[in-house]
Amino acid sequence: VFRALIAERDQLLTRLHALWGLGQIVRTRRDVIATLDISAWLRDSDDEFRAQATRLVADGRDSSHNARLVELLADDSLRVRFFAAEALGRLQASAGIEPLWKLLRDNNDADRYVRHAAVVALVRFGDEAKAASRATDADAAVRRAAVLVLRRLRDPAILVFLNDNDPTIVTEAA
């Protein structure tokens with residue numbers, strides 16, 4: 001029934017509710033996700049539908065779409081980028097680590113929600129050394145995100161950012 005509702009291209013709200021219904025199912029029955037046409041849903045023409053499809057992937061712990069999730073980090077829709085970052089973190093898809101740092105660079109602190117999603121995703125990887133290595137990055141947005149990652153991980157490597165040339169990053173580190 002849900003698949004049939006999703007096929008009704010002119011009924012976005014119906015399609016979204018069907019997608020959410022499937023999300024509830026795959027949280028308890030992960031085998032169901034393999035029977036769904038998620039590849040097409042992640043390429044849907046509607047931004048919100050693509051965003052919610054990324055949530056379904058994360059809910060179903062379906063790592064077979066990691067490459068597409070990485071591509072969605074550069075989607076035209078900020079909301080899709082947010083949910084793609086969140087999904088990569090929840091799936092702990094290591095292929096997403098460098099693209100998440102690129103997302104932070106490209107975002108340049110313009111959208112706080114995208115920054116938050118990328119930071120939380122990177123925290124889930126728990127790679128303090130990679131975050132600390134960003135102390136010399138030329139991009140302030142990347143350094144700021146590294147501070148946020150290290151702070152959430154309670155890593156003492158955050159101290160290196162107290163010597164940053166950007167006072168806002170020093171304040172964030174303090």
Side-chain angles (χ1 to χ4, degrees), residues 16 19-20 22-23 26-27 30-155 157-158 160-161 169 172-173:
L16 289 173
L19 201 58
W20 296 331
L22 286 170
V26 301
R27 282 185 207 112
R30 295 222 172 100
D31 59 310
V32 171
I33 201 151
T35 68
L36 305 175
D37 192 13
I38 294 176
S39 292
W41 299 346
L42 292 173
R43 287 175 171 32
D44 197 86
S45 61
D46 186 87
D47 296 351
E48 186 59 24
F49 192 83
R50 281 195 316 281
Q52 297 304 316
T54 64
R55 289 187 75 185
L56 179 67
V57 170
D59 286 346
R61 304 284 191 236
D62 185 3
S63 61
S64 67
H65 301 285
N66 289 352
R68 179 62 182 148
L69 292 174
V70 168
E71 292 172 7
L72 289 172
L73 291 176
D75 194 271
D76 291 337
S77 167
L78 292 172
R79 195 157 160 79
V80 172
R81 292 179 202 175
F82 171 92
F83 283 111
E86 181 184 66
L88 286 165
R90 287 179 60 197
L91 295 169
Q92 294 188 338
S94 59
I97 294 174
E98 286 307 315
L100 284 164
W101 287 108
K102 182 180 182 326
L103 172 64
L104 288 161
R105 182 181 321 285
D106 294 346
N107 184 51
N108 195 29
D109 288 334
D111 187 285
R112 292 178 181 183
Y113 295 101
V114 168
R115 178 181 64 196
H116 173 74
V119 165
V120 170
L122 290 166
V123 167
R124 289 178 187 240
F125 291 106
D127 192 346
E128 295 93 340
K130 190 151 304 237
S133 74
R134 305 296 169 159
T136 57
D137 198 285
D139 193 301
V142 170
R143 295 194 314 275
R144 185 171 294 103
V147 167
L148 296 173
V149 169
L150 291 170
R151 184 169 65 201
R152 283 177 168 257
L153 293 171
R154 298 175 186 230
D155 192 280
I158 198 171
V160 73
F161 290 93
I169 293 173
E172 199 71 60

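In this chain, numbering begins with 1 at the start of the sequence shown. Being a predicted model, the structure only gives us computed values, none of them experimental.
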Visitor: How far does CG of L88 sit from OG of S63, to the nearest 0.5 angstrom?
Guide: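 It is 11.0 Å, given to the nearest 0.5 Å.
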
Visitor: Using the side-chain contact (heavy atoms from CB on, under 4.5 Å) criterion, which residues pair with S45? Sequence neighbours excluded.
Guide: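 Testing S45 for side-chain contact (heavy atoms from CB on, under 4.5 Å), a comparison that skips the adjacent residues, returns R9.
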
Visitor: How close do A121 and L100 get, heavy atom to heavy atom, and via which atoms?
Guide: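 Where A121 meets L100 most closely, the heavy atoms are CB-CD1, 3.7 Å.
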
Visitor: To the nearest 0.5 Å, tell me how far F49 CZ sits from T54 OG1.
Guide: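 F49 atom CZ to T54 atom OG1 measures 11.0 Å (nearest 0.5 Å).
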
Visitor: Can you run down the salt bridge (Lys or Arg N to Asp or Glu O under 4.0 Å) pairs that involve residues 51-66, sequence neighbours left out, and say none if there aren't any?
Guide: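 Residue pairs with at least one partner in residues 51-66: R27-D59, D59-R90.
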
Visitor: I need the minimum non-hydrogen distance between V160 and A135, along with the two atoms involved.
Guide: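 Scanning both residues, the minimum pair turns out to be CG1-CB, 3.7 Å.
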
Visitor: Applying side-chain contact (heavy atoms from CB on, under 4.5 Å), run through L16 and D46 and close with a yes or a no.
Guide: CA-CA 11 Å; L16 289 173; D46 186 87; 5.6 Å; no

Visitor: Ignoring hydrogens, what is the shortest heavy-atom contact between A85 and L103? Give both atom names and the distance.
Guide: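 Nearest heavy atoms, A85 then L103: CB-CD2, 4.1 Å.
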
Visitor: Taking the side chain as every heavy atom from C-beta outward, state whether W41 and V57 have any atom pair closer than 4.5 Å.
Guide: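 With C-beta onward as the side chain, the pair stays apart.
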
Visitor: Compare every heavy atom of P99 with every heavy atom of A95, then report the nearest pair and how far apart it is.
Guide: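 So the minimum-distance heavy-atom pair works out to O-CD, 3.2 Å.
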
Visitor: Minimum heavy-atom separation for A87 to L69, with atom names?
Guide: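 Here A87 and L69 meet closest at CB-CD1, 3.9 Å.
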
Visitor: With the side chain counted from C-beta on, respond yes when L56 and L19 share a heavy-atom pair under 4.5 Å apart, and no when they do not.
Guide: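 Yes, close enough: below the 4.5 Å cut-off.
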
Visitor: Suppose the criterion is salt bridge (Lys or Arg N to Asp or Glu O under 4.0 Å): which pairs have a residue in residues 78-87, not counting sequence neighbours?
Guide: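 The answer is E48-R79.
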
Visitor: Should we say atom CG of D76 is surrounded by more than 12 heavy atoms from elsewhere, each under 6.0 Å from it?
Guide: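 Open: at most 12 neighbouring heavy atoms sit under 6.0 Å from CG of D76.
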
Visitor: Please report the interatomic distance CD1(I97) to CD(Q92), rounded to the nearest 0.5 Å.
Guide: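 Output value for this atom pair is 9.0 Å.
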
Visitor: Which residues pass the side-chain contact (heavy atoms from CB on, under 4.5 Å) test with N107, sequence neighbours left out?
Guide: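 So N107 forms a side-chain contact (heavy atoms from CB on, under 4.5 Å) with A110, D111, V114, R115.
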
Visitor: Please, which pairs that meet salt bridge (Lys or Arg N to Asp or Glu O under 4.0 Å) have at least one residue in residues 119-135, sequence neighbours excluded?
Guide: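 Those involving residues 119-135 are E98-K130, E98-R134.
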
Visitor: Mind listing the side-chain donor-acceptor pairs of residues 143-151 below 3.5 Å, one per line with the distance, residues two or more places apart or on another chain?
Guide:
{"unit_1": "R143", "atom_1": "NE", "unit_2": "D164", "atom_2": "OD1", "d": "3.4"}
{"unit_1": "R143", "atom_1": "NE", "unit_2": "D164", "atom_2": "OD2", "d": "2.6"}
{"unit_1": "R143", "atom_1": "NH1", "unit_2": "D137", "atom_2": "O", "d": "2.8"}
{"unit_1": "R143", "atom_1": "NH1", "unit_2": "A138", "atom_2": "O", "d": "3.4"}
{"unit_1": "R143", "atom_1": "NH2", "unit_2": "D164", "atom_2": "OD1", "d": "3.1"}
{"unit_1": "R143", "atom_1": "NH2", "unit_2": "N165", "atom_2": "OD1", "d": "3.3"}
{"unit_1": "R144", "atom_1": "NH1", "unit_2": "D109", "atom_2": "OD2", "d": "2.3"}
{"unit_1": "R144", "atom_1": "NH2", "unit_2": "T168", "atom_2": "OG1", "d": "2.6"}
{"unit_1": "R151", "atom_1": "NH1", "unit_2": "E172", "atom_2": "O", "d": "3.2"}
{"unit_1": "R151", "atom_1": "NH1", "unit_2": "E172", "atom_2": "OE2", "d": "2.8"}
{"unit_1": "R151", "atom_1": "NH2", "unit_2": "E172", "atom_2": "OE2", "d": "3.1"}

Visitor: For the residue pair R68 and L42, what are the closest heavy atoms and their distance?
Guide: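 In terms of heavy atoms, the two residues are closest at NH2-O, 2.9 Å.
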
